[in-house]
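Since the structure comes first, as structure tokens, the remarks are kept for the end.
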Amino acid sequence: MRSYPLFDAFPRLGVFPRAGLLDGITAVQPMPGADDIWIKRDDLSASDFGGNKIRKLDLLLAKARTRGRSDVLTFGYSGSNFVAATAWHGRKLGLATQAVLLPQADAPYVADNLATGLHAGAQLHLARGNAAAVARAIALSLAKLLRHGRVPLWIPPGGSSPLGALGFVNAAFELRAQVESGALPAPARLYVAFSSMGTVAGLAIGLALAGLNTRIEAVQVVGDEFASAAKLDRLIRRTRQLLRRTDPAACPGRVAEVRIRTEFFGRGYALASPAVKAAMNRFESATGARSDSAYSGKAIAALYADHDTGALRGPTLYWHTFNAHGRPAGVAPLPAPALAPYVL
């Protein structure tokens with residue numbers, strides 16, 4: 001993407017470097033078979049490995065390069081889209097990736113993301129809990145410091161730091177430009193998965209700053225220990241502080257309304273209820289786009305449930321976060337024995 005509409009509106013924000021990972025503005029299109037619903041195709045954010053994570057990585061990996069780091073260290077579940085995207089795009093920028101992973105329930109995308117990360121040279125380390133993951137990351141960083149004199153740049157799960165969230169403040173300005181061009185009407189509601197919270201935090205700030213009166217339906221896909229109203233408020237506050245320090249004019253006095261939806265989380269992370277499976281099949285048949293049981297499937301289920309019960313009022317936008325591609329070109333399938341340690 002040649003320029004960020006957010007940075008065009010507030011040029012002082014141009015101090016934040018960008019890595020150039022985004023192919024361009026992601027399209028919006030009507031949802032087939034559903035009136036007054038549009039889809040934001042962030043699954044097509046990058047032609048080789050897309051999804052919503054690329055918006056965060058465009059800023060985060062640029063920061064790592066600017067600071068002269070050769071490695072980044074991040075976290076996620078075994079099938080993490082973010083870990084795979086970090087490794088894939090980081091390699092193109094000369095950055096090695098280390099990741100500490102928690103095992104998860106198996107799903108079709110898990111093996112693809114593991115294969116992508118390993119193909120890109122990521123060093124993957126398993127941990128059996130949050131405390132063990134942090135301890136492992138500290139040990140890896142100390143070892144790197146002793147051997148090379150510097151530690152990897154730590155990136156939080158999902159890239160959801162204040163800097164990463166700026167990628168979605170910018171995305172809201174991208175959406176405003178699409179509304180102004182007539183690609184869709186200003187949405188009254190926006191449905192999106194709620195996990196590491198950077199996407200929702202950035203959109204909550206950006207929608208208000210861009211003058212869009214849109215309520216976010218944040219569909220919970222992880223446990224409360226990772227995403228909650230209190231944690232979201234904290235990330236929004238920290239992101240606004242970053243904006244205020246850089247350009248006070250870019251810090252809105254309010255943020256968009258966010259309603260956290262927990263009723264589609266089901267039995268746990270990446271576990272799809274019958275309703276979620278049915279929604280995924282319906283969406284994929286209608287659009288030809290891929291979905292997953294961890295994130296997009298649950299957001300889609302919330303959207304369809306509200307549509308089918310007549311709860312939607314006014315134009316509605318579904319923000320599709322999943323990567324459009326399975327394994328990038330040249331990445332071989334992961335052998336079944338190699339997958340076993342990573343899944344529950």
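If you read the sequence from its start, that first residue is 1, and numbering goes on from there.
His89 places none of its side-chain heavy atoms less than 4.5 Å from the side chain of Asp58. In this structure, the side chains of Pro315 and Asp36 come closer than 4.5 Å at one or more pairs of heavy atoms. Contact of the Thr321 side chain with the Asn81 side chain is not registered, since no non-hydrogen atoms from C-beta on lie closer than 4.5 Å. The shortest side-chain heavy-atom distance between Leu95 and Arg65 falls under the 4.5 Å cut-off.
No more than 12 heavy atoms of other residues, nucleotides or ligands lie within 6.0 Å of CZ in Arg67, so this atom counts as exposed by the packing criterion.
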query = Are Leu13 and Leu166 close enough, and set up right, to give a side chain to side chain contact (heavy atoms under 4.5 Å, CB included), and what steps lead you there?
reply = CA-CA 10 Å; Leu13 299 180; Leu166 287 191; 5.6 Å; no
task = Let me see the working for Arg91 and Thr97 under side chain to side chain contact (heavy atoms under 4.5 Å, CB included), right down to the final yes or no.
result = CA-CA 8 Å; Arg91 183 181 65 166; Thr97 297; over 6 Å; no
ask   = Between Leu209 and Leu6, does a side chain to side chain contact (heavy atoms under 4.5 Å, CB included) hold up when you go through it step by step?
value = CA-CA 9 Å; Leu209 188 60; Leu6 172 66; 4.1 Å; yes
message = Using side chain to side chain contact (heavy atoms under 4.5 Å, CB included), reason through Tyr304 and Met31 one step at a time and then give a plain yes or no.
response = CA-CA 11 Å; Tyr304 277 139; Met31 173 79 86; 3.9 Å; yes
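Under the salt bridge (Lys or Arg N to Asp or Glu O under 4.0 Å) criterion, the residue pairs touching residues 270-288 are Arg282-Asp308, with sequence neighbours excluded. Pairs engaging residues 116-131 under the salt bridge (Lys or Arg N to Asp or Glu O under 4.0 Å) rule: none recorded [sequence neighbours left out].
Using cut-offs of 30° and 60° on the angle between ring planes, the pair His320 and Phe322 is perpendicular. Using bins of under 30°, 30° to 60° and over 60° for the plane-to-plane angle, the ring pair Tyr77/Tyr269 lands in the parallel bin.
Judged as a ring pair (Phe, Tyr, Trp, His ring centres under 6.0 Å), and not counting sequence neighbours, Phe194 has no contacts.
With respect to Asp71, the side chain to side chain contact (heavy atoms under 4.5 Å, CB included) criterion is satisfied by exactly one of Arg150, Gln98, Gln123, His148: Gln98. Between Ser78 and the options Leu344, Leu126, Leu339, Asn113, a side chain to side chain contact (heavy atoms under 4.5 Å, CB included) holds for only Leu126.
Distance alone, capped at 3.5 Å, places no donor-acceptor pair between the Arg215 side chain and the Ala188 backbone. At least one donor-acceptor pair under 3.5 Å links the side chain of Arg240 to the backbone N or O of Pro252. Looking at Gln104, its side chain does come within 3.5 Å of a backbone N or O of Gly79 through a donor-acceptor pair.
Phe16 and Phe168 fall within a single hydrophobic cluster, where Ile, Leu, Val, Met, Phe, Trp and Tyr are joined by side-chain heavy atoms under 4.5 Å apart, directly or via other members. Note on Phe49 and Leu44: separate hydrophobic clusters, where clusters join Ile, Leu, Val, Met, Phe, Trp and Tyr whose side-chain heavy atoms are under 4.5 Å apart, directly or indirectly.
A pairwise comparison of heavy atoms in Ala193 and Val221 identifies CB-CG1, 4.2 Å as the closest pair. Across all non-hydrogen atoms, the minimal contact from Tyr4 to Arg55 is OH-O, 4.4 Å. Minimum heavy-atom separation, Ala133 to Phe75: O-CE2, 3.9 Å. The shortest heavy-atom contact between Ala132 and Ala127 is C-CB, 3.9 Å. When all heavy atoms of Ser291 and Phe283 are compared, the closest pair comes out as CB-CD2, 4.3 Å.
For the pair Lys53 and Tyr295, the cation sits on the ring face: its NZ or CZ lies under 6.0 Å from the ring centre, inside 45° of the axis.
With hydrogens and angles left out, the side-chain atoms of Asn52 and Trp319 include no donor and acceptor closer than 3.5 Å.
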